[in-house]
**Student:** 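Structure in structure tokens, see below.
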Number of protein chains: 2
Amino acid sequence: MKLETVDIRQAASAADIVYESLRKAIIEGELAEGENLRQDQIASMFNTSRIPVREALSRLEQNGLITTERYKGAVVAGLSIEEIEEIFEFRALVEAEVIRLAVPKMNARTLDIARRHCEEFGGEPNSAKWGEINRNFHYSLYEAARRPYYLQIVRVSLDRIDRYLRAQLTLTDGMNRAWREHQGILDACIGGDADRAAELTRDHILGAGRALIVFLEETRAHGD
Amino acid sequence: MKLETVDIRQAASAADIVYESLRKAIIEGELAEGENLRQDQIASMFNTSRIPVREALSRLEQNGLITTERYKGAVVAGLSIEEIEEIFEFRALVEAEVIRLAVPKMNARTLDIARRHCEEFGGEPNSAKWGEINRNFHYSLYEAARRPYYLQIVRVSLDRIDRYLRAQLTLTDGMNRAWREHQGILDACIGGDADRAAELTRDHILGAGRALIVFLEETRAHGD
DNA sequence: CATAGAAAAGTCGGATCCAATATACAATCT
DNA sequence: AGATTGTATATTGGATCCGACTTTTCTATG
């Protein structure tokens, strides 16, 4: 007898679940910058003890999403203008290289998936979904590079600024511009022009970063 | 009355201490690849309970130094040839950029410190100290870039391959070559030639990576 | 003697309990 | 009244205990 076996031990630990939930809540902006995270409170939300919560918080701190102070607790991390600039500069460097490495390895299927994500992006005015769609588009192209180490770092970098990006894109009219630039990047990939795809990706990220900085300097100057 | 004030809050938790100790032991190769890490064994070593140990292990896993499996425990992570290649490629990209950004900001003091680290490197045949000296040299130059985010990522990347690097450099004669290349990089920095410093750094890292791969393919092929 | 199955030991993840520290607030003194 | 000190509460970090799962060992049986 042959059975379709399923690995029942997906056994995501409680800590995994808490970690993923909090990560999602932070990058989507549900938990505001500076907000306190009480271990007890989180534990009761998830019907668990504080132990897995502490492990989750420890991981979040490693990834820069929260800061903790001994005997004081955890707060959602905010980023200074300088830190945001640095992260965008870094992303521009790394993601441009990733897509340069990816283009020669792309096949029709990759490009087709990316094209669908790109179109999806155009017709979607919902900001909550925007972040996911944006990620899907970029990652669908990056995957072809077969560079898991790069991608993991890109993911962590993006996590830290996703929240700000979304705010800026929905409040200003950055989404149309982002869409056009995505189309340009996709065209370069289809044409097999790795250098051009890299250059456009770099400009796309740096441009978004500059727009975000301008936006933040305005809002932060006028007190929220 | 004036007192010499001392911060009595020894800000290091037990988990911090365990984490740093294990990290050091792993990157210095004292804990061999594949070695099992038992929680209560480590706990008794540090005269503590398993709780801080678990937190330390969780952080080590986030940084890729160990892998854990539910109910089975943690083992020191090994890297495949492909993973090592990818990390070197990544380091070459990022560290070249960091030094390019750093050169225009270097002052006499920075260069003097770097020069001393470089000389120290030449006269030191002890492999245990080599890793530290190598790091000091590179970081003393990188610091000038004032890019904490880049540097943190460089640090984590280096942690993962430090062990292999050291093995290769002591068993083959890579140290003299590394020393010469360090001198070249330092000269470019002194001359204020950012592009040249970046190019040399890139070559330095990629060259070390290639040498390491050759070394590993030999040793791994012939069983240990 | 080999092997399947049961029992025992070892290990990990999570719950609960205790200690250390911080914060808020009331009491006291000038 | 204002500042300072003591106290009560809240919160975190660590220890111990318990249940789940894996691995190993032992035993019984063909």
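Numbered from 1 within each chain, the chains take letters A, B, ... in sequence-line order.
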**Student:** Nearest-nucleotide wise, let me know which of A/Tyr71 and B/Arg54 is further upstream toward the 5' end of DNA chain C.
**Tutor:** B/Arg54
**Student:** Can you figure out which of D/dT22, D/dT12, C/dC12 approaches the side chain of A/Arg38 most closely?
**Tutor:** D/dT12
**Student:** Distance check needed: D/dT12 P versus A/Glu61 CD, whole Å only.
**Tutor:** 13 Å
**Student:** Taking atom C1' of D/dT12 as reference, at what distance in whole Å does atom CG of B/Asp16 sit?
**Tutor:** 14 Å
**Student:** What's the closest nucleotide to the A/Asp40 side chain, out of C/dG13, D/dT12, D/dT22?
**Tutor:** D/dT12
**Student:** Could you tell me whether B/Arg59 and B/Glu55 have a side-chain N and a carboxylate O separated by less than 4.0 Å?
**Tutor:** yes
**Student:** What about A/His138 and A/His117, are their ring centers closer than 6.0 Å?
**Tutor:** no
**Student:** Pick base, sugar-phosphate or nothing for A/Thr48, based on heavy-atom distances below 4.0 Å to the nucleic acid.
**Tutor:** sugar-phosphate
**Student:** With a non-hydrogen cut-off below 4.0 angstrom, is A/Leu37 in contact with a base, only sugar-phosphate, or nothing?
**Tutor:** sugar-phosphate
**Student:** Report yes or no: is the cationic atom of A/Arg116 (NZ for Lys, CZ for Arg) closer than 6.0 Å to the six-membered ring centre of A/Phe137, at no more than 45° off its axis?
**Tutor:** no
**Student:** With the side chain of A/Ser49 defined as its heavy atoms from C-beta on, choose the nearest nucleotide among D/dG13, D/dT12, C/dG14.
**Tutor:** C/dG14
**Student:** So which nucleotide from C/dG13, D/dG13, D/dT16 ends up closest to the side chain of B/Arg70?
**Tutor:** C/dG13
**Student:** Determine whether the side chains of B/Glu33 and B/Tyr164 contain a donor N or O and an acceptor N or O closer than 3.5 Å.
**Tutor:** yes
**Student:** For the pair made of CD1 in B/Ile51 and P in D/dC18, what is the distance, rounded to whole Å?
**Tutor:** 15 Å
**Student:** Salt bridge (Lys or Arg N to Asp or Glu O under 4.0 Å), that's the test. Do B/Arg147 and B/Glu97 meet it? Break it down for me.
**Tutor:** CA-CA 11 Å; B/Arg147 293 290 196 286; B/Glu97 180 67 11; over 6 Å; no
**Student:** Roughly how many Å is it from CD1 in A/Ile66 to P in D/dT12, rounded to a whole number?
**Tutor:** 11 Å
**Student:** Taking CZ from A/Phe46 and P from C/dG13, how many angstroms apart are they, rounded to a whole number?
**Tutor:** 19 Å
**Student:** Is there a donor and acceptor pair closer than 3.5 Å between the side chain of A/Arg50 and the base of C/dG14?
**Tutor:** no
**Student:** Please tell me which of the listed nucleotides, C/dA15, C/dC12, C/dA22, lies nearest to the side chain of B/Gln39?
**Tutor:** C/dC12
**Student:** Provide, to the nearest angstrom, the distance between the CD atom belonging to A/Glu55 and the P atom belonging to D/dG13.
**Tutor:** 14 Å
**Student:** B/Lys72 side chain N/O closer than 4.0 Å to the phosphate oxygens (OP1, OP2) of D/dT23?
**Tutor:** yes
